[in-house]
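To start, the structure under review is shown below, and the notes come after it.
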Amino acid sequence: AAGAEFELTPSEGSAFADGTTEPMTLAVNASGLTAVPGLVAGNTYKLRETVAPASYELNESTLVFAVAEDGTVTTVGEDAAGYALVDRGGTPTIVADDAPIEAALVKTDLSGNALTGAEFTLRGEFANADGTRPGAAETRTVKVAEDGSAALSGLIAGEKYVLTETVAPEGHELLDGPVTLVVSEDGTLGLAEDTPAALRDMVATEDASGVATVTVRNEPTPEPERVP
C-alpha cells in the first residue's frame, strides 16, 4: 500500500554501490512499489519498516538479506515475519505484508448484555482506501448493529479519535461525555491518559483475537419517582 516507508542499512562490512553505509529511506509510491537501489553483490543488508501505510499496523520485524553474485536475494538467519522474497519476471522482489488495523465498538449494559440502537460520532483522521492519509480530520457516524457491535474502519496508528455517544439504547442513559481513543503502532486501542475515572468505569479497551475493541457500557434510565 502507498504511504509506507522503509529504512535500508548495510550490515557490518557491507556498503551501497557508492561506498556509503548510512541508512537509506525508501518511500513506497501510489502503486505500492519502491526501487531498492545501490545493492552490491556479496553484501548483506537490513530492511525495516519505519512508517506503515495509513490504517495498517507497523511491522516491527527486521529483514536481513544477502545479494548473491548472480543478483539473487536470500534471507539471512531466521525469516522475518511479514516479509517474503520472490522472483517477478527475473527481478528479485521483497514483498512486505502489513496487517490491517481491525477495530470494533461493542455496546453493552452493566451486566455485559449486548445493546442495540446506540449511535456515536467518531472524530479524527481516517485513512484513504489506498493507504494514504487525507491530511484532515472528519466526523463519522457510527451506528450499533443488532448484535451490539459496529466496525471502526480507517483508523490510523499513532492517531487519536474522539468518541461521543449521541443516541443511547432505549431505556439507558447516554455516556457521560466524550472519550479519546489512542491507536498504538501495533493497532491496539487505549484511552487517553486524561480520561476521567468515571468514564474509565464505563469504557474499556482490549485486543480480542486480533481485533482492537472498545466496549461502552450504559447505565439504565432511573425509574421515575411515583407520586403518592
Side-chain angles (χ1 to χ4, degrees), residues 1 52-60 81 98-129 131 133-228:
S55 197
Y56 286 82
E57 299 175 17
L58 182 71
N59 185 345
E60 297 183 346
D98 287 344
I101 294 175
E102 297 183 72
L105 170 69
V106 174
K107 190 67 178 170
T108 72
D109 61 17
L110 295 181
S111 299
N113 301 306
L115 295 175
T116 188
E119 292 187 15
F120 294 80
T121 58
L122 186 64
R123 181 163 181 78
E125 185 179 356
F126 299 91
N128 295 321
R133 302 177 65 130
E138 65 172 294
T139 300
R140 292 184 175 181
T141 298
V142 179
K143 296 183 178 181
V144 174
E146 291 295 325
D147 65 354
S149 70
L152 302 178
S153 60
L155 303 187
I156 300 174
E159 289 295 312
K160 296 181 179 180
Y161 298 84
V162 178
L163 180 70
T164 305
E165 187 171 34
T166 55
V167 178
E170 184 176 356
H172 292 79
E173 297 286 285
L174 279 170
L175 185 66
D176 188 20
V179 292
T180 299
L181 304 175
V182 181
V183 186
S184 299
E185 295 294 340
D186 62 2
T188 56
L189 290 174
L191 299 178
E193 292 183 0
D194 60 355
T195 303
L199 285 176
R200 288 183 180 274
D201 289 341
M202 305 303 292
V203 182
T205 59
E206 64 174 338
D207 187 65
S209 301
V211 178
T213 304
V214 53
T215 300
V216 180
R217 302 191 302 159
N218 279 102
E219 293 183 344
T221 302
E223 292 288 340
E225 294 184 4
R226 295 183 179 182
V227 178

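Nothing here was measured: the structure is a model prediction, and the numbers come from that model.
Checking side-chain atoms of Asn128 against main-chain N and O of Gly131 turns up no donor-acceptor pair under 3.5 Å. Ser111 contributes no side-chain N or O that, together with a main-chain N or O of Asp109, makes up a donor-acceptor pair within less than 3.5 Å. A distance-only check finds a donor-acceptor pair linking the side chain of Asn59 to the backbone of Ala81 [under 3.5 Å].
One finds the OG atom of Ser184 at 11.5 Å from the CG atom of Leu58 (value rounded to the nearest 0.5 Å). Summarising the geometry, atom CZ belonging to Arg123 is positioned 12.5 Å from atom OG1 belonging to Thr180; distances are rounded to the nearest 0.5 Å. Taken from CE in Met202 to CZ in Arg217, the straight-line distance is 5.0 Å, to the nearest 0.5 Å. For the atom pair CG (Asn218) and CG (Asn113), the distance works out to 12.5 Å, reported to the nearest 0.5 Å. Atom OG1 of residue Thr116 and atom CD of residue Glu170 lie 11.0 Å apart, to the nearest 0.5 angstrom. We find the CD-CD distance between Glu102 and Glu57 to be 8.0 Å, quoted to the nearest 0.5 Å.
Annotation: side chain of Pro178 is not in contact with side chain of Leu199 (no heavy-atom distance under 4.5 Å). At a threshold of 4.5 Å between non-hydrogen side-chain atoms, the residues Glu159 and Arg133 count as touching. The shortest distance between side-chain heavy atoms of Glu219 and Leu110 falls below 4.5 Å. Between Leu155 and Leu181, every side-chain heavy-atom pair lies at or beyond the 4.5 Å cut-off. Side-chain contact between Val183 and Leu189: present, with at least one pair of heavy atoms (C-beta onward) separated by less than 4.5 Å.
A donor-acceptor contact closer than 3.5 angstrom links the side chains of Asp147 and Ser149.
With respect to Phe120, the side-chain contact (heavy atoms from CB on, under 4.5 Å) criterion is satisfied by exactly one of Thr166, Val167, Leu152, Leu105: Leu105.
Applying the salt bridge (charged side-chain N to carboxylate O under 4.0 Å, His left out) definition to pairs two or more places apart or across chains, none involves residues 181-206. Listed by first then second residue, pairs satisfying ring pair (Phe, Tyr, Trp, His ring centres under 6.0 Å) with a partner in residues 140-177 read Phe126-Tyr161, not counting sequence neighbours.
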Could you walk me through whether Val216 and Leu163 pass the side chain to side chain contact (heavy atoms under 4.5 Å, CB included) check?
CA-CA 10 Å; Val216 180; Leu163 180 70; 4.2 Å; yes
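Smallest separation of non-hydrogen atoms from Glu173 and Thr221: OE2-OG1, 3.1 Å.
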